[in-house]
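In what follows, every heavy atom counts, from backbone to side chain, and hydrogens, waters and symmetry copies are set aside. Numbers restart at 1 for each chain; the letters A, B, ... are given by sequence-line order, proteins then strands.
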There are 2 protein chains.
Amino acid sequence: MQDAENKMLEKLAGFLKIVGDTNRLRIIWVIGKGERPVSEIINETGLSQTLVSFHLKVLREAEIVETERRGVFIYYRLGNPGLIDLLSACGEYAHKLTGEITPGFTWPCPPWFNK
Amino acid sequence: MQDAENKMLEKLAGFLKIVGDTNRLRIIWVIGKGERPVSEIINETGLSQTLVSFHLKVLREAEIVETERRGVFIYYRLGNPGLIDLLSACGEYAHKLTGEITPGFTWPCPPWFNK
DNA sequence: GGCTCATATAAGTTGCTATTCATATAAGAT
DNA sequence: ATCTTATATGAATAGCAACTTATATGAGCC
């Protein structure tokens with residue numbers, strides 16, 4: 001029972017660690033707009049090919065993203081598009097913590113996240 | 001505009017990094033049940049005094065927790081109790097990714113998080 | 001087959017961060 | 001003022017995770 005909680009917290013920490021990286025978030029944000037081949041992800045993020053490949057592997061192994069090969073290209077998409085909502089809620093939370101105002105950006109928060 | 005997004009993603013990553021640590025999550029979970037003096041946190045988590053103190057400092061500087069001294073004791077509480085809901089939603093998400101079943105534990109997910 | 005483009009993997013380096021050990025501060029009690 | 005209890009800080013270590021450079025795989029094309 002205590003053990004079950006610990007196990008879940010470890011799993012949660014693992015997940016948060018994976019999404020808690022700026023470059024991976026950048027990638028997730030690109031893919032969140034719709035499936036993309038790796039080359040597109042490289043272009044849109046401006047990251048090096050190997051670095052993108054490295055992070056995609058992490059996301060793949062965590063089953064956060066899915067892949068599909070079509071010809072030469074390998075398309076990546078989110079396993080569950082709800083991830084953007086979830087992360088946006090976290091972003092909104094984090095944003096309020098610091099209290100700063102960053103114009104030109106609003107988190108695409110789902111309706112359920114008011115406060 | 002692109003820049004604003006980057007800034008927000010960095011802030012988000014920072015937040016997720018902070019909560020993405022098993023021991024900090026343990027501490028957050030203890031505090032989430034109500035305010036606690038440090039000694040209680042040490043007892044309930046089983047972590048060493050210095051380690052708890054270290055993690056509390058991180059949480060304090062991120063303004064995730066608040067403190068209040070009463071006599072010899074320093075009480076810690078969540079700055080925003082909604083954090084547990086938010087993290088539970090993440091936990092539920094992470095849990096579904098792996099597909100495993102862990103009996104004896106259910107995330108205290110808020111009603112707004114269905115899927 | 002050989003060539004090119006798209007993506008992945010391997011090995012090596014570096015830097016950060018959790019942890020520990022030792023010490024300091026701060027408050028109350030005697 | 002000293003002693004004890006509660007908490008914080010500093011320095012040192014260790015392990016890991018991001019990033020880079022170099023190389024491999026894999027698909028289509030000529």
(request) Anything under 30° is parallel, anything over 60° is perpendicular, the rest tilted; go ahead and classify A:Phe113 against B:Trp112. (result) perpendicular
(request) Measure across B:Leu9 and A:Leu25 and return the closest heavy-atom pair with its distance rounded to 0.1 Å. (result) O-CD1, 3.4 Å
(request) Return the minimal non-hydrogen interatomic distance between A:Gly91 and B:Leu12, and the atom names on each side. (result) N-CD1, 3.6 Å
(request) Kindly give the heavy-atom pair with the smallest separation between B:Ile31 and B:Leu78, and that separation in Å. (result) CG2-N, 3.5 Å
(request) Take B:Leu16 and A:Leu87 through the test side-chain contact (heavy atoms from CB on, under 4.5 Å) and record every step on the way to the result. (result) CA-CA 9 Å; B:Leu16 294 172; A:Leu87 292 178; 4.1 Å; yes
(request) Find the distance between CD1 (A:Ile64) and CZ (A:Arg24) and round it off to the nearest 0.5 Å. (result) 8.5 Å
(request) At under 4.0 Å between heavy atoms, which parts of nucleotides 7-12 of chain C does protein reach? Answer with one letter per nucleotide, 5' to 3': B base, S sugar-phosphate only, - none. (result) BBB---
(request) Could you check A:Ile18 against A:Arg70 and say which one's nearest nucleotide on DNA chain D is further toward the 5' end? (result) A:Ile18
(request) Would you grab the first and last nucleotide of DNA chain D (5' to 3') that comes under 4.0 Å of any non-hydrogen atom in chain B? (result) D:dA6 to D:dT9
(message) Looking at A:Glu35 and A:Arg70, is there a salt bridge between them, counting it only when a charged N and a carboxylate O are closer than 4.0 Å?
(response) yes
(request) Rounding to 10 degrees, work out the angle separating the end axes of the helix from C:dG1-D:dC30 to C:dT30-D:dA1 (five pairs an end). (result) 10°
(message) Quick one, B:Arg60 with B:Tyr76, criterion side-chain contact (heavy atoms from CB on, under 4.5 Å). Give me CA distance, side-chain angles, the key distance, then yes/no.
(response) CA-CA 9 Å; B:Arg60 227 187 305 130; B:Tyr76 278 78; 3.1 Å; yes
(message) Can a donor-acceptor pair be found, under 3.5 Å and without considering hydrogens, that links the side chain of B:Thr45 to the backbone of B:Ile41?
(response) yes
(request) Determine the sole option in A:Ile18, A:Asn23, A:Leu83, A:Val65 for which the side-chain contact (heavy atoms from CB on, under 4.5 Å) test with A:Ile28 is passed. (result) A:Leu83
(request) Would you indicate what A:Arg24 reaches in the nucleic acid, counting non-hydrogen atoms under 4.0 angstrom: base, sugar-phosphate, or nothing? (result) sugar-phosphate
